[in-house]
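Working notes, beginning with the structure itself.
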2 protein chains.
Amino acid sequence: MSHTYKYPRPALTVDCVVFGLLEDQLSVLLIQRAADPYRDKFALPGGFVGIDETLEAAARRELAEETNVCDLYLEQLYTFDALQRDPRERIISVAYYGLVRQVNHQPAAGSDARAVAWHRVDQLPALAFDHRAIFDTAYQRLQAKVQYQPIGFELLPRKFTLTQIQSLYETILGRELDKRNFRKKLLAMDLLEPLEEFSRGAHRAARLYRFNRSRYRLLVKQGLHFEL
Amino acid sequence: MSHTYKYPRPALTVDCVVFGLLEDQLSVLLIQRAADPYRDKFALPGGFVGIDETLEAAARRELAEETNVCDLYLEQLYTFDALQRDPRERIISVAYYGLVRQVNHQPAAGSDARAVAWHRVDQLPALAFDHRAIFDTAYQRLQAKVQYQPIGFELLPRKFTLTQIQSLYETILGRELDKRNFRKKLLAMDLLEPLEEFSRGAHRAARLYRFNRSRYRLLVKQGLHFEL
DNA sequence: ACAAAAGTGTTCCCAATACACCCATGG
DNA sequence: CCATGGGTGTATTGGGAACACTTTTGT
């Protein structure tokens, strides 16, 4: 079965930049391509958009198929349209970026992927197509967005310590933050619920908190804007 | 001549939300559709993307064809993909937003448009397709962006008074600003070049300034971030 | 002369920053 | 008992916000 149109149409794909924390390092999910072009090269997971699915649905489907990653925060990033970005034909790609908790349960390679793995953002291999540019855009967006919307929590387990979230922010922003000021500011926003649970570690136990999403929505309605 | 593909492909369009100042009111460029669907309804200018043009090129071409507006600041906004956004078939639209100076030289209706006109953003008619949602997204983006990047200048003539730019910001943001604080802050950024020219008006003449784009780029490199 | 817009400084307050020590726990 | 990370308060400062009058010009 084939499909005929009066005018030629660009093909449409989605590509996903999925961030996660692997051993306290900000990392990105990459596949190793199983097919040409760029066979064996590293690339972002992604693929063609079905005629009856939304872009986000396509992104989630491809992620699930190629990497077995699902249930993640996902947001449209930008649409990449350079004329020669794909050597085969004109392909326009809508990029999404995503954040996942618990990188622990390792991704599994699926269709189109010879392998799937997390790669530290500061040690990325060369990427196929214009995927390096897509990644750069996503990383910039993450750095910018994390400062005025509380999306950082999407990368942490549901219960986390203040030190965990601080070092997450330090990792993303690439600079150190003052512990006392960070805690003061974060707690003053009144978005974290202190729990009666404590982390078990090598040393003194730290209190666990969880992010209160409904309170966040309430405060936003009242005109709060999360900052740092 | 026709084109055949193995899998069905969504059609791809661009739509443009072009802002301008008309009689000191923030306004948007709308066409009145000449063809079905939504014949005679108001809509954003836009159209199909050619196989050999970038999205931005398509946006500029459609704008020129339909409205005779060209040479404007244009930036990708978001890609709209709801399954039923067009009654004919699956169409995905990459939206751009633009800013033009000198709304004076009136736009001219071209292909696909029965009429073209500026409409105050607070008095928009009903729009075809999901164009209302696209407009809302663009307006929000403009409001957000104008506060941390000096794009407001794109809406003013090259030479302008401080009062002009203040009232522009008041219009976009929808609130009043303190004259002394606004001037102090703006001038402190050292992005405006005072000219030895003055506006001629009904009353006291006001000094004209112009935006120094290269100085802006320099300061950004040095780590400035424009704010309000 | 008067109406209308241009132009100009100071005070106050809050929020961001800088900064150092004690505490609890596991090994 | 000691090493490691958890937890806490204050003083300073710089920038944002509030605020009113004089000047210039055209009519």
Side-chain angles (χ1 to χ4, degrees), chain A residues 21 23-25 144 146-148 150 156-157 159-171 173-210 219 222-228, chain B residues 21 23-24 144 146-148 150 152 156-157 159-171 173-210 219 222-228:
Chain A
L21 284 176
E23 290 150 19
D24 263 333
Q25 293 294 332
V146 90
Q147 301 201 46
Y148 65 92
L156 293 175
K159 300 173 182 181
F160 50 83
T161 67
L162 293 180
T163 302
Q164 272 182 296
I165 191 166
Q166 180 176 348
S167 74
L168 166 64
Y169 271 76
E170 289 177 334
T171 301
L173 297 177
R175 61 187 161 97
E176 302 214 323
L177 302 170
D178 181 88
K179 184 163 57 156
R180 280 165 294 187
N181 293 337
F182 184 83
R183 286 166 181 240
K184 206 189 316 172
K185 202 161 172 179
L186 207 60
L187 292 174
M189 286 180 204
D190 205 19
L191 291 172
L192 297 188
E193 259 179 75
L195 304 173
E196 291 311 316
E197 292 175 70
F198 294 82
S199 69
R200 316 275 355 213
H203 296 288
R204 176 174 174 179
R207 181 178 290 273
L208 291 170
Y209 292 80
R210 74 173 166 213
L219 289 177
Q222 293 170 9
L224 167 84
H225 76 292
F226 181 93
E227 182 84 38
L228 219 190
Chain B
L21 284 176
E23 289 149 20
D24 263 334
V146 90
Q147 300 199 47
Y148 66 92
L156 293 175
K159 301 173 182 178
F160 50 83
T161 68
L162 293 180
T163 303
Q164 271 182 297
I165 191 166
Q166 180 176 347
S167 75
L168 166 64
Y169 270 76
E170 290 176 335
T171 301
L173 298 176
R175 60 189 161 94
E176 303 213 322
L177 302 170
D178 180 86
K179 183 163 57 154
R180 280 166 293 187
N181 292 337
F182 184 83
R183 286 166 181 241
K184 207 188 315 170
K185 203 162 171 177
L186 207 60
L187 292 174
M189 285 180 206
D190 205 20
L191 292 171
L192 297 188
E193 259 179 74
L195 304 173
E196 291 310 317
E197 292 175 70
F198 294 83
S199 70
R200 315 279 351 218
H203 296 289
R204 176 174 174 177
R207 181 179 291 273
L208 291 170
Y209 292 80
R210 75 173 166 213
L219 289 177
Q222 294 170 8
L224 168 83
H225 76 290
F226 181 93
E227 182 82 37
L228 219 191

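Just so you know, these numbers use all the heavy atoms, side chains as well, and skip hydrogens, waters and symmetry mates. Within every chain, numbering begins at 1; the chains are lettered A, B, ... in the order of the sequence lines, protein sequences first and strands thereafter. Just so you know, these numbers come straight off a predicted model, no measurement behind them.
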Inset, instruction - For B:Gln222, enumerate each residue passing the side-chain contact (heavy atoms from CB on, under 4.5 Å) test, keeping only those at least two apart in sequence or located in another chain. - result: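 So B:Gln222 forms a side-chain contact (heavy atoms from CB on, under 4.5 Å) with B:Leu218, B:Leu219.
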
Inset, instruction - Tell me, please, which residues at least two apart from B:Thr161 pass side-chain contact (heavy atoms from CB on, under 4.5 Å). - result: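 B:Thr161 satisfies side-chain contact (heavy atoms from CB on, under 4.5 Å) with B:Thr163, B:Gln164, B:Ser199, B:Ala206, B:Leu208 only.
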
Legend entry - Partner set under salt bridge (Lys or Arg N to Asp or Glu O under 4.0 Å) for B:Glu227, not counting sequence neighbours: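 B:Glu227: no salt bridge (Lys or Arg N to Asp or Glu O under 4.0 Å) contacts found.
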
Legend entry - Under the salt bridge (Lys or Arg N to Asp or Glu O under 4.0 Å) test, residues paired with B:Glu196 that sit two or more places apart: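 For B:Glu196 the salt bridge (Lys or Arg N to Asp or Glu O under 4.0 Å) partners, ignoring immediate neighbours, are B:Arg207.
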
Name the pairs: protein N/O against N/O of nucleotides 21-23 of chain D, kept only if under 3.5 Å.
| residue | atom | partner | partner atom | Å |
| --- | --- | --- | --- | --- |
| D:dT23 | O2 | B:Arg204 | NH1 | 2.6 |

Inset, instruction - Indicate for each nucleotide in nucleotides 11-19 of chain D, in 5' to 3' sequence, whether protein heavy atoms under 4.0 Å reach the base (B), only the sugar-phosphate (S), or nothing (-). - result: -----SBBB

Legend entry - Listed once per pair and sorted, the ring-ring contact (aromatic ring centres under 6.0 Å, His included) pairs that draw on residues 174-201 of chain B, sequence neighbours left out: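 Only B:Tyr169-B:Phe182 qualify under ring-ring contact (aromatic ring centres under 6.0 Å, His included).
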
Legend entry - Along DNA chain D (nearest heavy atom to each residue), the more 5'-positioned of A:Gln164 and B:Ala202: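 First, find each residue's nearest nucleotide; the 5'-ward one identifies A:Gln164.
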
Inset, instruction - Please check the phosphate of D:dG6 (OP1 and OP2 only) for any side-chain N or O of A:Thr163 closer than 4.0 Å. - result: yes

Legend entry - Option passing side-chain contact (heavy atoms from CB on, under 4.5 Å) with A:Tyr209 (candidates A:Leu191, A:Leu187, A:Ile165):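 Checked A:Leu191, A:Leu187, A:Ile165 against A:Tyr209; only one passes side-chain contact (heavy atoms from CB on, under 4.5 Å): A:Leu187.
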
Inset, instruction - If a pair satisfies salt bridge (Lys or Arg N to Asp or Glu O under 4.0 Å) and one of its residues is in residues 173-191 of chain B, list it, with sequence neighbours excluded. - result: B:Asp190-B:Arg215

Inset, instruction - Scan for salt bridge (Lys or Arg N to Asp or Glu O under 4.0 Å) pairs involving residues 162-171 of chain B, sequence neighbours excluded, and state none if there are none. - result: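 Qualifying pairs, neighbours excluded: none.
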
Legend entry - Outermost DNA chain C nucleotides near chain B [under 4.0 Å, heavy atoms]: C:dA3 to C:dT10

Inset, instruction - Take the protein atom CZ of A:Phe182 and the nucleotide atom C1' of D:dG7, then report the distance between them rounded to whole Å. - result: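 So the CZ-C1' distance, A:Phe182 to D:dG7, works out to 15 Å.
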
Inset, instruction - Starting at atom CD of A:Glu170, determine the distance to atom C1' of D:dG5, rounded to an integer number of angstrom. - result: 14 Å

Inset, instruction - Assign A:Arg207 to base, sugar-phosphate, or nothing according to its heavy-atom contacts below 4.0 angstrom with the strands shown. - result: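 Since only primed, P, OP1 and OP2 atoms lie under 4.0 Å of A:Arg207, the category is sugar-phosphate.
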
Inset, instruction - Looking only at non-hydrogen atoms, find the nearest pair between A:Arg210 and A:Phe160 and report the distance. - result: CA-CE2, 4.1 Å

Legend entry - Atom pair OG/CG of B:Ser167 and B:Leu162 - distance to nearest 0.5 Å: 11.0 Å

Legend entry - 5' priority, DNA chain C, between A:His203 and B:Thr161 [closest heavy atom]: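 Final value for this comparison: B:Thr161.
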
Inset, instruction - Name all residues meeting the side-chain hydrogen bond (donor to acceptor under 3.5 Å, both in side chains) criterion together with B:Gln147; count only those two or more places apart in sequence or in a different chain, and write none if there are none. - result: none

